[in-house]
Amino acid sequence: MEEKKETLNFIEQIITNDLETGKHKQIITRFPPEPNGYLHIGHAKSICLNFGLKETFNGKTNLRFDDTNPSKEEVEYVNSIIDDVHWLGFEYDNLFYASDYFQQIYEWAVMLIREGKAYVDEQTPEQISEQRTNPTVPGIESPFRNRSVEENLRIFQEMKDGKHDEGSMVLRAKVDMNSPNMHMRDPIMYRIIKKHHDRTGDKWCIYPMYDYAHGQSDYIEGITHSICTLEFEVHRPLYEWFLDQIDTTGKRPRQIEFARLNVSYTVMSKRKLLELVTNKYVSGWDDPRMPTISGLRRRGYTPESIRNFAERIGVAKRENMIDVGLLEFFIREDLNKRANRVMAVLDPLKVVITNYPDGQTEQLDSGNNPEDETAGTRKVNFSKEIFIEREDFMEDAPAKFFRLKPGGEVRLRNAYFVKCNEVIKDKNGNITELHCTYDPDSKGGQSPDGRKVKGTIHWVDSKTCIDAEVRLYDRLFTKENPDDLAENETYLDYLNPDSLKTITAKVEKSLESVNPGDKFQFERKGYFCVDKNSAPGKLVFNRTVTLKDSWSKIATN
RNA sequence: UGUCCGAUGGUGUAAUGGUAGCACUUGUGAUUUUGGUUCAUACAGCCAAGGUUCGAAUCCUUGUCGGACAACCA
């Protein structure tokens with residue numbers, strides 16, 4: 001099960017060492033989302049890391065919701081997060097909530113008060129902030145810092161009993177107001193929040209802060225390696241300080257930080273993603289343009305492609321910006337192997353095959369996937385009138401244009417050679433249809449006389465094809481890094497107005513009974529996925545990604 | 001001008017004192033009933049300066065550049 005990789009990332013090296021020296025017999029990691037939004041591709045990196053460690057080292061991984069702030073968190077998010085983790089293909093060993101530990105965490109807080117290491121501060125947030133000053137000068141001690149243990153105990157009890165208002169007081173740890181690390185300047189441990197909590201109901205009206213609750217939760221669960229992103233690096237001394245207060249076993253978690261994922265042409269902060277959703281810039285958290293896991297899923301991404309992506313980008317401590325093209329590479333790689341090919345014309349141009357018998361329809365054999373023989377074949381209807389892609393015909397074509405042109409011959413995929421004889425236009429000069437002749441001997445796409453035809457184009461039979469709504473997605477932002485802004489700018493200034501184009505395409509009849517989530521390659525156009533709102537008679541396809549297109553490079557030169 | 005962290009081709013990521021490799025991207029060519037796939041091939045990198053060493057991407061020093069930190073968010 002343990003596949004040997006040639007190289008280990010720095011976290012794997014730490015773990016390998018911990019196992020070899022006997023510091024740990026088995027590792028336990030955790031993925032600790034706050035249920036205040038949907039998971040995105042950056043979380044997928046973290047999930048793949050934490051659960052990947054479990055698989056590599058035969059350890060365990062808990063899913064733990066960091067539900068310490070009922071004013072921001074919702075059950076909908078809990079459910080979506082569980083779904084996303086499963087969809088990615090991971091199984092957690094335990095499902096926990098930080099709220100499971102509220103009683104224990106509270107008792108430890110009381111213990112700290114008794115030891116003179118915590119106190120109730122009745123100042124305003126502004127006063128507390130001012131006294132912390134800034135990192136270059138020492139802080140100022142709160143006037144409440146040295147009140148008696150008895151008084152602290154009494155008032156903290158009153159806070160717990162709901163006798164004080166939100167914002168009127170907090171419990172602070174007595175650490176070091178002179179520390180150059182701002183997080184050590186008597187951090188807040190508890191604040192009053194009089195909100196219903198989804199799991200503990202109205203039992204509590206004081207809630208622990210992240211810095212206090214997180215490490216203690218890790219400790220309770222026996223987490224060996226607590227992996228988080230770089231911005232928590234400055235918190236580590238405080239994480240250790242809180243652990244110092246309760247650690248009697250000597251076995252404590254070690255916090256390790258890595259660089260979060262950034263992907264070009266998108267944003268990754270939950271705050272911004274929430275804003276996109278609530279202000280309706282997108283249709284929801286699972287809008288296929290969103291970098292959320294549910295958005296990528298609806299877009300047509302597979303769990304394997306995302307896991308391969310996460311594996312390839314690696315884990316390190318330096319800031320990074322991954323080209324969205326790398327993500328696209330992995331979904332193309334995956335879908336190339338598994339998506340069946342079908343024909344769909346996105347921008348139809350009518351073609352009449354003048355020498356084909358009126359009223360005749362024949363069924364031609366078409367391979368489903370040249371990369372996978374077991375995918376088999378299907379029958380595709382062909383008749384006198386078909387549609388081809390408008391861009392596959394050019395009246396004044398350059399020499400390198402291999403597709404259809406006046407007097408030129410082209411192969412219809414899986415069908416016949418056709419030659420264009422006549423271009424029909426309306427009074428405005430727009431091409432409305434083409435008249436072609438076909439070579440009956442070229443059935444299947446090869447001529448017995450051995451003559452070569454360079455171009456092959458896709459088509460659909462006009463009589464039996466069906467209309468389908470097709471949503472062409474593009475990147476959500478026009479700027480590589482929408483967070484890199486000049487003054488007076490907002491990331492919303494760089495929303496791509498063309499990130500979604502909805503068209504009606506003509507698709508082959510075999511697609512009439514597809515199901516949501518089914519994935520296809522529309523030959524020569526890209527990979528498409530059946531949307532969750534698709535229904536028989538009203539098909540909806542989402543474009544996952546285009547095929548690589550070396551012609552467009554030639555054409556634009 | 002506080003503390004902490006980081007710096008390897010265009011983008012990511014390896015090397016753990018001993019030949020700077022891999023993937024993506026890009027260029028060229030071959031194959032091809034998808035201008036797809038596949039195959040071959042090429043371009044391109046150690047932030048800078050000192051020091052230690054037979055030997056430095058790696059260790060040390062200094063500098064430069066980038067990032068994080070001053071919510072009763074996580």
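In the text below, chain A, chain B and the rest are named by the order of the sequence lines, each starting its count at 1.
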With a 3.5 Å cut-off and just heavy-atom distances, do the side chain of A/Q521 and the base of B/rU34 make a donor-acceptor pair? yes

Lys/Arg N to Asp/Glu carboxylate O, A/R338 vs A/D334, below 4.0 Å: yes

Which part of the nucleic acid does A/R341 contact within heavy-atom distance under 4.0 Å: base, sugar-phosphate only, or nothing? base

For B/rC39, give its Watson-Crick or G-U wobble partner with both distances under 3.5 Å, or none. B/rG29

At under 4.0 Å, does any side-chain N or O of A/R312 touch on OP1 or OP2 of B/rU11? no

Does A/K337 place a side-chain N or O at less than 4.0 Å from the phosphate oxygens OP1/OP2 of B/rU37? no

Watson-Crick or G-U counterpart of B/rU16, or none if no pair lies under 3.5 Å: none

Check A/E122 against A/I155 and note the closest heavy-atom contact, atom names and distance. OE2-CD1, 3.6 Å

Separation of the C1' atoms in B/rA57 and B/rG21, to the nearest angstrom: 13 Å

Does the side chain of A/T136 get closer than 4.0 angstrom to OP1 or OP2 of B/rU3 through an N or O atom? no

With A/R413, which of A/E389, A/E508, A/E523 fulfils salt bridge (Lys or Arg N to Asp or Glu O under 4.0 Å)? A/E523

Treating primed atoms plus P, OP1 and OP2 as sugar-phosphate and everything else as base, which nucleotides of nucleotides 66-74 of chain B get B, S or - for protein heavy atoms under 4.0 Å? -SSSBSBBB

Paired with B/rC72: which nucleotide, if any, by Watson-Crick or G-U wobble criteria at under 3.5 Å for both distances? none

B/rA23 pairs with which nucleotide, Watson-Crick or G-U wobble, both distances below 3.5 Å? B/rU11

Does OP1 or OP2 of B/rC5 have a side-chain N or O of A/Q255 closer than 4.0 Å? no

